[in-house]
Amino acid sequence: MSEDCSPDAISCWMIENFKHDHGYREPFKVLISTILSQRTRDENTDEASRKLFSVFPTVESIAAAKPEELYGLIMRSGMYRQKAERIVNCARILLEKFDGRVPDTIEELTSIPGVGRKTANIVLNISFGKEALAVDTHVHRISNRLGWVKTKTPGETEFALMKIISPHLWGPVNGSMVEFGRQICRPVGPRCRDCAISRCCDYYGRISKEDIRQ
DNA sequence: AAAACGGGGGC
DNA sequence: GCCCCAGTTTT
């Protein structure tokens, strides 16, 4: 890692060293698996996605499924009924309102119940190649710890980061920052000893030794 | 702005 | 048992 602590340099370092990808590119699979990922660990998300798509591989088949039937399939992977209902409802809306296709604007995507700004931006970036920044708890926390922003909400963070990070890095840095947050810059007990960019970090100067986990 | 929601897993 | 998790919705 160079001496450069600029947001773009840190972003590139994260992109180089931390990968995080659910593996899907088809719009509807990205949308569905991202809904599955909401407030849920990746291991559970990946398992549930595989089970779901192995039985219901298309928008049409999901739309035709009974929510209970779909729930029975994914319930062992940390999922719950509301999410199964959201997914079936989402597939039906895609079919009825969007001609069976996933829309490619933030307004249309967030009009679907269960799809917020973060999920919509993931789809826009991964499936449609648009420059979008999906701010989740990891991105929000890490951006504030590093001192790049001083924000209270993910919405503020998204707006502030767009002025700090080069647009072509928005997509790639997203998953990398999440993985960095899972492995190193964790919500509690961050592994600052193992962190190669601690000298660039505001939080590292404030955190007490006993709060750092080996 | 804060609480509700939701269930498996780590501790 | 309690707290957390690639959030979203409701109060």
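Everything numeric in this text was worked out from a predicted model, so none of it was measured.
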task: Return the minimal non-hydrogen interatomic distance between A/Ala63 and A/Arg92, and the atom names on each side.
output: O-NE, 2.7 Å
Mind checking if [X] touches a base, just sugar-phosphate, or nothing, with heavy atoms under 4.0 Å?
{"X": "A/Pro154", "answer": "nothing"}
{"X": "A/Met75", "answer": "sugar-phosphate"}
{"X": "A/Ser77", "answer": "nothing"}
{"X": "A/Val115", "answer": "sugar-phosphate"}

Atom [atom1] of [X] and atom [atom2] of [N]: how far apart are they, to the nearest Å?
{"X": "A/Ile122", "N": "C/dT8", "atom1": "CD1", "atom2": "C1'", "value": "15 Å"}
{"X": "A/Arg41", "N": "C/dA6", "atom1": "CZ", "atom2": "P", "value": "7 Å"}
{"X": "A/Leu31", "N": "C/dT8", "atom1": "CG", "atom2": "P", "value": "11 Å"}
{"X": "A/Asp136", "N": "C/dC4", "atom1": "CG", "atom2": "P", "value": "16 Å"}
{"X": "A/Ile74", "N": "B/dG6", "atom1": "CD1", "atom2": "P", "value": "14 Å"}
{"X": "A/Lys83", "N": "C/dC5", "atom1": "NZ", "atom2": "P", "value": "14 Å"}
{"X": "A/Asn121", "N": "C/dG7", "atom1": "CG", "atom2": "P", "value": "13 Å"}
{"X": "A/Gln82", "N": "C/dT9", "atom1": "CD", "atom2": "P", "value": "9 Å"}

Quick check for you: among [options], whose closest atom lies nearest to any side-chain atom of [X]?
{"X": "A/Tyr80", "options": "C/dC4, C/dA6, B/dG7", "result": "B/dG7"}
{"X": "A/Gln38", "options": "C/dT9, C/dA6, C/dT8", "result": "C/dT8"}
{"X": "A/Ser37", "options": "C/dT8, C/dA6, B/dG7", "result": "C/dA6"}
{"X": "A/Arg81", "options": "B/dG7, C/dT8, B/dG8", "result": "B/dG7"}
{"X": "A/Thr153", "options": "B/dA1, C/dA6, B/dG6", "result": "B/dA1"}
{"X": "A/Arg86", "options": "B/dG7, C/dC4, C/dT9", "result": "C/dT9"}

query: Which sits closer to the 5' end of DNA chain C, A/Pro113 or A/His22, going by the nucleotide each is nearest to?
result: A/His22
task: Would you mind telling me which residue lines up with the more 5' stretch of DNA chain C, A/Gly116 or A/Arg39, judged by nearest nucleotide?
output: A/Arg39
query: Does the side chain of A/Thr137 get closer than 4.0 angstrom to OP1 or OP2 of C/dG7 through an N or O atom?
result: yes
- prompt: Across all strands, who's sitting opposite C/dT10 as a Watson-Crick or G-U wobble pair, both distances under 3.5 Å?
  reply: B/dA2
